[in-house]
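Below is one structure, written out as structure tokens; the observations come after it.
Within every chain, numbering begins at 1; the chains are lettered A, B, ... in the order of the sequence lines, protein sequences first and strands thereafter.
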Amino acid sequence: MSEAFHHLARPIQKWIRRKGWDELRPVQVRTILTVIETEADIIVSATTAGGKTEAAFLPLLSDVIDKPSDLGGFDLLYIGPLKALITDQAQRLESICNEADLAVTPWHGDVPASVKARGIENPSGVLLITPESLEALFVRRGTEISRLFAATRAVVLDELHTMLDSERGVHIRSLLTRLELARRNRLRRVGLSATLGEPRLACPFLCGDDPGSVVVIEADDERAELKVQLKAYESGKNDRVPVQAAVAGELFLRLRGDDNLVFAGARKSVETYADRLRRISEEQDVPLEFFPHHASLSREHRDFVEQRLKGEGLPTTAVCTSTLELGIDIGDIVCVAQIGAPFTVSSLRQRIGRSGRRRGKSAILRQYIVEQKRENDAAFADRLRLGLVRSIAMIELMLERWCEPPRSIALHLSTLTHQILSIIAERGGASAANLYSVLCSQGPFRNVDPQLFAEVLRALGEPGTDLIEQATDGILLLGSVGESLVEHYSFYAVFQTSEEYQIVSGGRSLGTMPIENIVAPGMLLIFSGQRWKIVEVDDRDRVVSVKSATGGMPPMFGGEPGDIHDKVVSRMFQILEGEETPAYLDEYAVQLLNQGRRSYAMLGFNDGPLVARGDNSWIVATRVGTTTTTTLSLAMRAKNFEVQTHDGFLEITGGEESLLRALRSIRDGAQNFAVPNDANLAFEKFHSYLTRSLLLKDALSCRLEPLELPSLCQRLLGSDETMAMPE
DNA sequence: GACCTGCTGCGGTTTG
């Protein structure tokens, strides 16, 4: 055993021996030495089964055992983004902690109140909690926080990549600042992740005050060989057999008999393919091995699918959304299929990481792309085969080991509003200066200056908004609306969720669907991989009762398209302008790629970025990702053009002035950037309580890039500002 | 043309 082993506490050494480990992994050795010999914050980056949890906890627990604290409270804090993950990790830690008689307390919405009561009464050992449950502790037990966490010496943040510049990431950082202020002592932070493209870029999110001091420990995993195949299909308006049938047939042929994951892109598409695969299995009279898995299905059904994947024996393919992209260990997956191009390279990479985990086996990606048949009225985006091209760009970038860096730090005014309410609730009142100090000077909202903070407070205190009010001594209190928000348990999460119907069959819940779906008795439904007829709709309690049937359509689940990164779009143009043919394309995909390249040249994009299509109609090749392309499209819409956005392209029609004049005026007047009055700017949970001026500032901090417009317009106009079209 | 995540306290009843 290595030197690191001898640094560990006796009970921990005993546990390692009992496990039969003959050596610690390199990433564990390095983490153990760093934890024991330094006081630095640490990021551990290793694959899902790479032993990260043990790497962090073996030395942290050793420290607790060898140097017990007399302060009282939990010794270690673990924050995880999923309930299932906390349950899993608590079980793993229990086996270690038993050896040393340390308590392990899992804490989330499904943990019995008795376990929580025991934790509050006698806090010690390891607490594993979700951000939302920690939030609830602040709101409901604000006065006890300092007692519960007095002895805590470190916090472990699992799946760190989900906690970067997201609403939930900012939420956690705010809670950690508040925790440190309550106990008057900093907490050492240890972040764990399997999918940080460049782990150093995550350091500012772990330690905002001194990112350079964070120690990054990366496992040099032996990477499994990756086999990739891309198969293309075409679908047309007059197809007798829908193209999904062909894709499902191929999936059935290739995947039956093993454990696989099929990422179908959207819940509706998951239901469509699961239904087709079930029908094929029935026609061929073979046992069903294909099951849908997404967030709107009942916990019961999802558990069933996960258990089948984990278990030996019954081959199982889950047709899924990103529910199975991260988190719990689902065992050996032979093949990952992806239907349609994904939105990010990092998610593609994470998905592929699910297969080929067994030593000596390759990871396998089967990518399926459906393009529209070219008919006379084919849209230009279909003629360019943009879906296929994006998919190739994603695969190429993934093979080059690139993935999207974390986003830059936004204002997060919705989450700021949440934390203002939470601190006032925690303390029964707070001064504006104190709130600013905790949240903005010391906490994560560092881009919010005092003036902007005052503007937010004024919006929350507006009569009619009533989230907060000011007492005569200047102290801010919750207003009537603020009070009712904070009192309800739905307050604890910072992210938005929509209203839904429960779908019930014979008293058993099958799952949920958004209330935007039109429902009436007699209608047919595909859901949870089966076919149903609606027998009753209870609009008051939002319950739809169904019974077995034989036809139907899956419901709509809504959602907005994802952001494509500049680098992906830039690679798409390289592919459209290039000549190489990737070896993993099937024959049909090669044909479609060549068609896309020919169309690109024929439309004239090789000569310049602006293509006139007659009748006040143009196509503009922006060559940049969603954020900047959308910003230009809003600027054009504000000038009364009609605009459709695509990856790296805009289709523009109408307008009161010529395209060239409009681009020039946007280039020269970027400081007057305006969005159309009808553009929706409310995306997050507490946005509806803020003014339009604040929403615009929030959007400008992360969703829009007006500062990019002058150079983009200049590039589009070209140096001589001429193009082959009439002004 | 998208996906995912989360949730307390209390009152009533039953049981030993």
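Taking 4.0 angstrom as the limit, A/Arg140 places none of its side-chain polar atoms (N or O) nearer than this to OP1 or OP2 of B/dC7. Phosphate contact (OP1/OP2 of B/dT5, side-chain N/O of A/Thr162, threshold under 4.0 Å): absent.
In this structure, A/Ile129 places its CD1 atom 9 Å from P of B/dT8, rounding to the nearest Å. One can place CG of A/Leu164 at 20 Å from P of B/dC4, the figure rounded to the nearest angstrom. Between the NE2 atom of A/His418 and the C1' atom of B/dT5 there is a distance of 14 Å, given to the nearest Å. Here B/dC4 presents its P atom at 10 Å from CG of A/Leu324, a figure rounded to the nearest Å. Between the CZ atom of A/Arg299 and the P atom of B/dC7 there is a distance of 12 Å, rounded to whole Å. As rounded to whole Å, 20 Å separates atom P of B/dT5 from atom CG of A/Leu175. Note: CZ (A/Phe138) to P (B/dT8) measures 15 Å, nearest angstrom. Rounding to whole angstrom units, NE2 of residue A/His108 and P of B/dT8 are separated by 10 Å.
Within the nucleic acid shown, A/Lys116 comes within 4.0 Å of sugar-phosphate atoms alone, with no base atom in reach, counting heavy atoms only. At the heavy-atom level, A/Gly265 lies under 4.0 Å from the strands shown only through sugar-phosphate atoms. When heavy atoms are screened at a 4.0 angstrom cut-off, A/Arg302 is found touching the sugar-phosphate backbone but no base atom. Among the protein residues, A/Asp110 comes within range of no part of the nucleic acid, since none of its heavy atoms lies under 4.0 Å from any strand. Contact annotation for A/Arg168: base contact, defined as any heavy-atom pair under 4.0 Å involving a base atom. Residue contacts shown for A/Arg351 are absent, as no nucleic acid heavy atom lies under 4.0 Å away. Using a 4.0 Å heavy-atom cutoff across all strands shown, A/Gly558 reaches sugar-phosphate atoms only and no base atom.
Looking at which nucleotide of DNA chain B each of A/Lys268 and A/Lys685 is closest to, the 5′-most match is held by A/Lys268.
Remark: A/Arg308 fails to qualify as a cation-pi partner of A/Phe291 under the 6.0 Å distance and 45° angle criteria applied to the six-membered ring. Judged by a 6.0 Å distance limit and a 45° cone about the ring axis, A/Arg390 is positioned over the six-membered ring of A/Phe343.
Taking 4.0 Å as the cut-off between side-chain N and carboxylate O, A/Glu159 and A/Lys52 do not count as a salt-bridged pair. Between A/Glu404 and A/Arg349 there is no salt bridge, since no side-chain nitrogen of the basic residue lies less than 4.0 Å from a carboxylate oxygen of the acidic one. Between A/Arg92 and A/Asp88, no side-chain nitrogen of the basic residue sits less than 4.0 Å from a carboxylate oxygen of the acidic one, so the salt-bridge criterion is not met. Checked for salt-bridge contact, A/Arg637 and A/Asp678 meet the test: a charged N lies under 4.0 Å from a carboxylate O.
For A/Thr321, the listed nucleotide lying nearest its side chain is B/dC3; candidates were B/dG6, B/dT5, B/dC3. Checking B/dA2, B/dC7, B/dT5 against every side-chain atom of A/Thr130, the shortest atom distance belongs to B/dC7. The side chain of A/Leu82 has B/dT5 as its nearest neighbour among B/dC7, B/dC4, B/dT5.
DNA chain B is contacted by A/Tyr489, A/Ser490, A/Tyr492, A/Ala493, A/Phe495, A/Thr497 of residues 488-499 of chain A, taking any non-hydrogen atom closer than 4.0 Å.
Although no hydrogens or angles enter the test, the distance criterion places a donor-acceptor pair under 3.5 Å between the side chain of A/Asp698 and the main chain of A/Leu413. Not one N or O on the side chain of A/Ser422 forms a donor-acceptor pair closer than 3.5 Å with the backbone of A/Gln419.
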